[in-house]
Amino acid sequence: MAKVSSEALGTEPIGKLLIKQAVPASIGILVMSLNILVDSIFVGNWIGSIAFASINVVLPVSFFIGALGMSIGVGGSSIISRALGAENKEKALKTFGNQISLGFIVMVPLVILGLIFVDDIIPRFGGKGDIFEPAKIYYTILLYGVPILGFAMMGNTVIRAEGKPKFAMTAMIIPTISNLLLDYIFIYVLDMGMHGAAWATTGSYLACFLYVFWFFSSKNSELKIGFRHFGLQKDIVSEIASLGGVTMARQAVVSITYLLMNNILFDIGQEGLVAVYAIIGRMLMFALFPVFGVTQGFLPIAGYNYGAKQYPRVRQTINTAIAYAAIVATLVFIGLMVFPSEITSLFLSNDPNLSSKELALNQFVLSHTAEPMRWVFAATPIIALQLIGAAYFQAVGKVVPALLLTLSRQGFFFIPLVLILPKFYGELGVWISFPIADVLATIVTGYFLNHEVRTKLIISEKTAE
């Protein structure tokens, strides 16, 4: 039964298959994004805007360590998808075992270092002034759960590589429900403030991990590993590191971006602009969930069919995924252009008992978020090409172009722009850096993807004939 599920990646019609893979992935990402979004709304309304800004400071640090698990997962899942497509199940099992071993070796020491240097890390990520103390509380507690999150995210990518998107979706829904329930209990009922917000999030990570562990222990998974699979194998570790390095590099750049943005905006507008970016950052995670869902659904289909040498299906998958993602990206764009103020107001408390400082901060954020949000999402309709193009090279195991294209938007374009443009245009220079980077990265990705299709896939199709 499980074998049929993975073989379906190479036999079902691409359009139907992509929807089957992308919809659960989108729902899972939506629910996880809602987790972050609603969590932020709860914190903003029940604790305050300073607490909301504090979480934005902490997220890139915890996400960076948690992303190590995802990186190992994505790198190994690419190998697993291609191994299953080539009917090499032993390699898939060995890869999964090596992923788990690598997770322990890499994540645990980083968490220990993160706890030791907490007082140095938080200010460097913009946790200054009134933001420092609540950020330290949230960061310290959250870091305890980050390795658990890393293993859960690693397992989730492997579940999807097996062709089990509904289980992967469930794994992403569970922490959301858990976090919202625990938020209500710890923050609203027990009035634990930032401690409650942090323990609610950490508890949700544990719930997700337990579900993923159950999946691989049950008959639903075809990857039944033994002790012999945990021993590190040099060629597999090297390939996991190379392919996972693409995801890790992306998250590293995201963390650097948060560091720069929080510090640049704090220098320009103190806590107010940091809170503005916190809201926009949440929308960057939440609003694009269907585009990311299509990208996640695309990966195992492209990887499996490339491993099975079904190159016409690979080309069809690329074209279909770009078309689907472009449609949903355009719909997201329209919504954000029309309702930026209404979206912003969701994150802010109207409680008249707030301090005058909190009320003034809320008013500043409400009046200063609409225009930046429109600039940040101005190029959204074209990002589908950039995301699918970079994902293709990762799916088929081509590390160098996958890495370069993944880094192109934020690493090669956005970071230099955000360091230069504010010197000439102030706050506006920060916001216009986003669409300029999107356009440049899409042009570069389009060129390389087109070259790959014409010189590699089409030629391989003709050779196969």
Side-chain angles (χ1 to χ4, degrees), residues 29-30 33 36-37 56 250 253-254 256-258 260-262 264-265 268-269 272-295 322-347 365-391 405-447 449:
I29 293 171
L30 168 62
S33 300
I36 297 171
L37 187 70
N56 198 59
R250 180 193 303 123
V253 172
V254 169
I256 292 171
T257 299
Y258 270 90
L260 291 173
M261 288 289 289
N262 285 331
I264 290 171
L265 291 173
I268 295 173
L273 284 184
V274 175
V276 168
Y277 180 55
I279 292 174
I280 293 174
R282 294 302 180 279
M283 295 313 299
L284 283 168
M285 296 177 187
F286 169 73
L288 299 177
F289 78 88
V291 184
F292 296 142
V294 173
T295 304
I322 290 174
Y324 285 5
I327 291 170
V328 294
T330 301
L331 295 174
V332 168
F333 168 79
I334 294 171
L336 289 167
M337 293 303 106
V338 175
F339 302 110
S341 297
E342 290 80 1
I343 291 169
T344 302
S345 65
L346 294 174
F347 296 88
V365 173
L366 184 60
S367 62
H368 281 76
T369 305
E371 182 180 355
M373 190 177 294
R374 288 191 175 105
W375 276 116
V376 168
F377 289 95
T380 298
I382 67 170
I383 65 169
L385 176 59
Q386 202 275 326
L387 291 173
I388 299 298
L405 293 176
T406 296
L407 294 180
S408 64
R409 179 187 176 273
Q410 288 185 302
F412 300 148
F413 297 125
F414 178 77
I415 289 177
L417 286 167
V418 83
L419 288 173
I420 295 170
L421 294 183
K423 297 181 184 299
F424 298 96
Y425 303 104
E427 181 189 343
L428 177 62
V430 175
W431 308 125
I432 63 176
S433 298
F434 284 89
I436 295 173
D438 284 333
V439 171
L440 293 174
T442 299
I443 291 172
V444 171
T445 303
Y447 171 81
L449 181 62

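Since the model is a prediction, treat every value here as computed from it, not as a measurement.
Put simply, the side chain of Leu405 does not reach to within 4.5 Å of the side chain of Leu449, judged on heavy atoms.
Residues meeting the side chain to side chain contact (heavy atoms under 4.5 Å, CB included) test with Thr330, sequence neighbours left out: Ile334, Pro381. Considering only residues two or more places apart in sequence or on other chains, Phe412 meets the side chain to side chain contact (heavy atoms under 4.5 Å, CB included) condition with Leu404, Leu407, Ser408.
Going from atom CH2 of Trp375 over to atom CD1 of Ile280 covers 13.0 Å, rounded to the nearest 0.5 Å. Summarising the geometry, atom CD belonging to Gln410 is positioned 10.0 Å from atom CD1 belonging to Ile256; distances are rounded to the nearest 0.5 Å. Atom OG1 of residue Thr295 and atom CG of residue Leu387 lie 4.5 Å apart, to the nearest 0.5 angstrom. Expressed to the nearest 0.5 Å, how far CD1 of Ile388 lies from CD1 of Ile383 amounts to 10.0 Å. Atom OH of residue Tyr277 and atom CG of residue Leu265 lie 8.0 Å apart, to the nearest 0.5 angstrom. Rounded to the nearest 0.5 angstrom, Thr344 OG1 and Phe339 CZ are separated by 13.0 Å.
Of all heavy-atom pairs between Phe333 and Ala378, the closest is CE1-O, 3.4 Å. In terms of heavy-atom proximity, Met373 sits nearest to Met337 at O-CE, 4.3 Å. The two residues Ala384 and Ala326 make their nearest non-hydrogen contact at CB-N, 3.5 Å. Residues Leu385 and Gly446 share a closest heavy-atom pair of CD2-CA, 3.8 Å. Minimum interatomic distance between Met261 and Val418 (heavy atoms only, all atoms of both residues): SD-CG2, 3.8 Å.
Residue pairs meeting the salt bridge (charged side-chain N to carboxylate O under 4.0 Å, His left out) criterion with at least one member in residues 369-391, sequence neighbours excluded, do not occur.
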Distance-only donor-acceptor hits, side chain of residues 438-445, under 3.5 Å, sequence neighbours excluded:
unit_1	atom_1	unit_2	atom_2	d
Asp438	OD1	Arg409	NE	2.3
Thr442	OG1	Asp438	O	2.8
Thr445	OG1	Ala441	O	2.8

Which donor-acceptor pairs under 3.5 Å do side chains of residues 424-436 form with protein atoms, sequence neighbours excluded?
unit_1	atom_1	unit_2	atom_2	d
Glu427	OE2	Trp431	NE1	3.0
Ser433	OG	Gly429	O	2.7

